[in-house]
Amino acid sequence: MKITFYLFCFLIIGCNSANKVKVDQDEKLDADTVRSKDSITSQEEIPDPVNADELIKSWNHRYKDTITIDTVLKRGVDNIHLTFRHYCLFDSSLIVPEIYVKLLGMKKFISNNFESSIRIETNDSILVDTTISKSVFSKTLINNNHYELFDYGALLFNNIEIGKNVCRINYLIEVPLSDVGQLFYVDVFFSGKLEPVDR
């Protein structure tokens with residue numbers, strides 16, 4: 001009877017300490033830990049596999065997707081006419097290396113740069129008439145160690161906000177076909193000054 005009692009106690013203590021070790025190990029996992037598929041608790045958390053053809057098709061569609069804004073704003077007695085275009089340069093100047101497209105089964109991907117043109121005039125005088133390319137952000141990219149965006153990033157238009165004496169144009173600079181990117185904006189002052197900012 002004593003042996004049965006000791007075996008029973010040993011079994012309970014052994015099971016209890018095994019669970020405690022597992023909990024301690026789980027608590028030591030940090031956010032960068034890769035978990036196996038079995039550790040996912042819900043079906044919704046399993047990401048869909050990457051469809052390379054759909055991703056490339058979606059990216060290439062951007063080449064033809066010119067964004068045009070042509071509007072007149074009333075500021076007191078002045079009419080402010082804003083003309084904005086964001087378009088592809090079709091220059092094949094971005095050569096994205098394998099490190100960014102390997103999961104898609106590619107050795108490299110050749111893409112194009114984009115740029116924007118903006119013209120702001122009030123009554124009969126031109127306040128701003130310029131183009132905005134990724135080079136406007138060169139100093140910001142280098143100073144903030146975004147070398148991959150400097151070398152391989154494409155300038156993508158996000159939105160535009162118009163203030164009293166400034167237009168803020170929000171961009172995403174993104175390495176094509178990857179999840180590497182950063183939001184930026186440039187303030188275009190009605191005096192003609194451009195001021196790029198890293199968000």
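For the numbers below, each heavy atom of this structure counts, side chains included, while hydrogens, waters and symmetry mates do not.
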Not counting sequence neighbours, which residues clear salt bridge (Lys or Arg N to Asp or Glu O under 4.0 Å) with D91? List them please.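 Residues passing salt bridge (Lys or Arg N to Asp or Glu O under 4.0 Å) with D91: none at all.
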Would you list the atom pairs, donor with acceptor, under 3.5 Å between side chains in residues 95-102 and any protein atom, with sequence neighbours excluded?
none

If I take atom CG from residue N143 and atom NE2 from residue H146, how far apart are they, to the nearest 0.5 angstrom?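 With rounding to 0.5 Å, CG (N143) is 10.0 Å from NE2 (H146).
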Quick one: name the residues clustered hydrophobically with V166, using the 4.5 Å side-chain heavy-atom rule over I, L, V, M, F, W, Y, and just say none if it's on its own.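 ILVMFWY cluster around V166 also holds F189.
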Looking at every non-hydrogen atom in both residues, tell me the closest pair between P176 and L94 and how far apart they are.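 Closest approach of P176 to L94, heavy atoms only: CG-CD1, 4.4 Å.
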Considering only residues two or more places apart or on different chains, which pairs with a residue in residues 116-127 satisfy salt bridge (Lys or Arg N to Asp or Glu O under 4.0 Å)?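 For residues 116-127, and leaving out neighbouring residues, the salt bridge (Lys or Arg N to Asp or Glu O under 4.0 Å) pairs sorted by first residue read R119-E121, R119-D129.
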Distance-minimising heavy-atom pair for I110 and Y63: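 So the two residues come closest at O-OH, 4.1 Å.
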Measure the CG-CD1 distance between L149 and I142 for me, rounded to the nearest 0.5 Å.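 Nearest 0.5 Å value for the CG-CD1 distance: 11.5 Å.
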Okay, side chain of N144, backbone of T140: is any donor-acceptor separation there less than 3.5 Å?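 Checking the backbone N and O of T140 against the side chain of N144, a donor-acceptor pair under 3.5 Å is found.
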Mind checking the CD1-OG1 spacing from I132 to T130? Nearest 0.5 Å is all I need.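 It comes to 6.5 Å.
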Please say which of V188, L73, I169 ends up in a side chain to side chain contact (heavy atoms under 4.5 Å, CB included) with I162.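 Result: among V188, L73, I169, L73 is the only option passing the side chain to side chain contact (heavy atoms under 4.5 Å, CB included) with I162.
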Is any side-chain heavy atom of S93 closer than 4.5 Å to one of N112?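 N112 vs S93: side chains apart.
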Rounded to the nearest 0.5 Å, what separation is found between the CG atom of L156 and the CG atom of L172?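 The CG atom of L172 is 5.5 Å from CG of L156, to the nearest 0.5 Å.
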Spacing of CG belonging to L183 relative to CD belonging to E174, to within rounding of 0.5 Å: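 Going from CG on L183 over to CD on E174, the span is 10.0 Å.
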With K193 via salt bridge (Lys or Arg N to Asp or Glu O under 4.0 Å) - residues at least two apart: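 Partners of K193 by the salt bridge (Lys or Arg N to Asp or Glu O under 4.0 Å) criterion, ordered by chain and then number, come out as E195.
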Main-chain N/O of A154 paired with K134 side-chain donor or acceptor, under 3.5 Å: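 Here the side-chain-to-backbone pair does not exist.
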Which one of L141, V136, N158 satisfies the side chain to side chain contact (heavy atoms under 4.5 Å, CB included) criterion with F184?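 For F184, the side chain to side chain contact (heavy atoms under 4.5 Å, CB included) check succeeds only for L141.
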Do Y152 and V180 make a side-chain contact, defined as non-hydrogen atoms from C-beta onward lying under 4.5 Å apart?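 Side-chain contact under 4.5 Å: no.
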Shared ILVMFWY cluster between F150 and L177, side chains joined below 4.5 angstrom?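 Yes, same cluster.
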Show me the donor-acceptor pairs, under 3.5 Å and distance only, between side chains in residues 77-90 and residues at least two apart or in other chains.
residue: D78; atom: OD1; partner: N123; partner atom: ND2; Å: 2.9
residue: H81; atom: NE2; partner: D70; partner atom: OD1; Å: 2.6
residue: H86; atom: ND1; partner: E115; partner atom: O; Å: 3.4
residue: H86; atom: ND1; partner: S116; partner atom: OG; Å: 2.7
residue: H86; atom: NE2; partner: L155; partner atom: O; Å: 3.2
residue: H86; atom: NE2; partner: F157; partner atom: N; Å: 3.4
residue: Y87; atom: OH; partner: E115; partner atom: OE2; Å: 2.7

